[in-house]
Amino acid sequence: MGNYIYAWVNGNLGIAMLNSFIVCSVSLILSLTIGSMAAFAIARMKWKLSEWTLSYFLFGMMIPVHCVLIPLFVQFSKLGLTDSLIGLIIPYTVFALPMVIFLMTGFFKSLQNEIFEAACIDGCSIYSCFFKIAAPLTKTGFSVAGMMIFVSSWNELLMALVFISDVNKKTLPVTLTYFVGPYAVNYVQMFAAIIIALAPTIIVYLIFSNQIVEGLTTGAVKG
């Protein structure tokens, strides 16, 4: 127990976990909201460039973070976004959008056209169709996408290490690197810190495990 207390207090894990929670929560909400709306427009609305727009967003999944790290740092330095949690929220949200759009487009396309036709006959607007019909029917898709975004944002190290230099604004993965010294490593305290860092992702998975399994197996069995 003493090692956990040392890791939490002396290792500054409390502040780091709060920073990670803020960054992950805000980027999760933004990416799910913006991405699901874009996916709904691509999947359910009829317009000429819908398939091209989907390909454009999916192209973002092939761009590694390393390619844009230096340009982002230079631009954020000019805008004063370095050493700020906003400087992490923006790229986390943008890099999560392609995955959200890819997943949610498939879920929205699986919905029956008759549902939206009946809603439009009853006078529902496009916004009502999204918030009152499409979103509730695709809760599984939101759970799967949200879990993937949360885990990737919670464990992200590279951008957090480059963009943040203030100790009080470091995220959890960066703080964990401080437990490894240049000449020696206290493995007991380091393992205690790792267990603390893993606890939120395990809790989130246990809460949404049924929805995740259901989402991953949707469409696997017909009939």
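In terms of heavy atoms, R44 sits closest to L111 at NH1-O, 3.2 Å. Minimum heavy-atom separation, L32 to A145: CD2-CB, 3.9 Å. For the pair K170 and L161, the tightest heavy-atom approach, listed with the atom from each and the gap, is NZ-O, 4.4 Å. In terms of heavy atoms, S27 sits closest to S31 at O-OG, 2.7 Å. A39 and M104 make their closest contact through CB-CB, 3.6 Å (heavy atoms, listed as atom of the first residue, atom of the second, distance). For F108 against A134, the heavy-atom pair with the smallest separation is CE2-CB, 3.7 Å.
Put simply, the side chain of E156 does not reach to within 4.5 Å of the side chain of F95, judged on heavy atoms. Residues S20 and P173 are in side-chain contact: their nearest non-hydrogen atoms beyond the backbone lie under 4.5 Å apart. Contact of the F21 side chain with the P200 side chain is not registered, since no non-hydrogen atoms from C-beta on lie closer than 4.5 Å. Side-chain contact between K139 and F142 is absent, with no heavy atoms from C-beta onward closer than 4.5 Å. Considering only heavy atoms from C-beta on, L137 stays 4.5 Å or farther from F107 through its side chain. Looking only at side-chain heavy atoms (C-beta outward), L176 and L13 come within less than 4.5 Å of each other. Counting only heavy atoms from C-beta outward, the side chains of W154 and M17 approach each other to under 4.5 Å. At a threshold of 4.5 Å between non-hydrogen side-chain atoms, the residues F40 and I126 count as touching.
The salt bridge (charged side-chain N to carboxylate O under 4.0 Å, His left out) search around E51 returns K109, not counting sequence neighbours.
Around atom CZ of F130, more than 12 heavy atoms belonging to other residues, nucleotides or ligands sit under 6.0 Å away. Residue-environment remark: CD1 (I86) stays at or below the threshold of 12 foreign heavy atoms within 6.0 Å.
No single ILVMFWY cluster, assembled from side-chain heavy atoms under 4.5 Å apart, contains both I15 and I164. L157 and F76 are not part of a single hydrophobic cluster, where members link through side-chain heavy atoms under 4.5 Å apart. By the criterion of side-chain heavy atoms lying less than 4.5 angstrom apart, applied directly or through intervening Ile, Leu, Val, Met, Phe, Trp or Tyr residues, V174 is not grouped with M159; the two fall into different hydrophobic clusters. Residues W52 and L97 do not share a hydrophobic cluster, defined by chaining ILVMFWY side chains whose heavy atoms lie under 4.5 Å apart. Taken together through direct or relayed side-chain contacts under 4.5 Å among Ile, Leu, Val, Met, Phe, Trp and Tyr, V151 and V65 form parts of separate hydrophobic clusters.
Residue N168 holds its CG atom at 6.5 Å from CG of N12, rounded to the nearest 0.5 Å. The CD1 atom of I22 sits 6.0 Å away from the CG atom of L85 when rounded to the nearest 0.5 Å. Atom SG in C124 sits 5.0 Å away from atom CD1 in I133 (nearest 0.5 Å). In this structure, OG1 in T201 is found 9.5 Å from CG in L172, a value given to the nearest 0.5 Å. The distance from the CE atom of M148 to the OG atom of S153 is 11.5 Å, given to the nearest 0.5 Å. Between atom SG of residue C120 and atom CD1 of residue I115 there is a gap of 12.0 Å, rounded to the nearest 0.5 Å.
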For this session: Could you please spell out the steps behind the side-chain contact (heavy atoms from CB on, under 4.5 Å) verdict for L54 and I101?
Result: CA-CA 8 Å; L54 177 61; I101 293 173; 4.0 Å; yes
For this session: Could you go through the side-chain contact (heavy atoms from CB on, under 4.5 Å) check for I90 and L72 one step at a time?
Result: CA-CA 10 Å; I90 294 175; L72 274 178; over 6 Å; no
For this session: Please assess F191 against I194 for the test side-chain contact (heavy atoms from CB on, under 4.5 Å), listing each intermediate value before the final yes or no.
Result: CA-CA 5 Å; F191 289 152; I194 292 174; 4.1 Å; yes
Exercise. Is there a side chain to side chain donor-acceptor pair (under 3.5 Å) between S165 and D83 once you walk through the steps?
Worked result: CA-CA 6 Å; S165 58; D83 258 351; 2.8 Å; yes
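Without hydrogens or angle criteria, S152 side chain to I149 main chain gives a donor-acceptor distance under 3.5 Å. Remark: side-chain polar atoms of S50 are paired, donor with acceptor, to backbone N or O of W47 under 3.5 angstrom.
Listed by chain and number, the hydrophobic cluster partners of I70 are V74, where partners are ILVMFWY side chains within reach of under 4.5 Å, directly or through others.
With respect to L30, the side chain to side chain contact (heavy atoms under 4.5 Å, CB included) criterion is satisfied by exactly one of T33, L28, V26: V26.
Relative ring orientation between F73 and F163 is described as parallel, the plane-to-plane angle staying below 30° on a 0-90° scale split at 30° and 60°.
Inspection of the T171 and N19 side chains reveals no N or O donor paired with an N or O acceptor under 3.5 Å.
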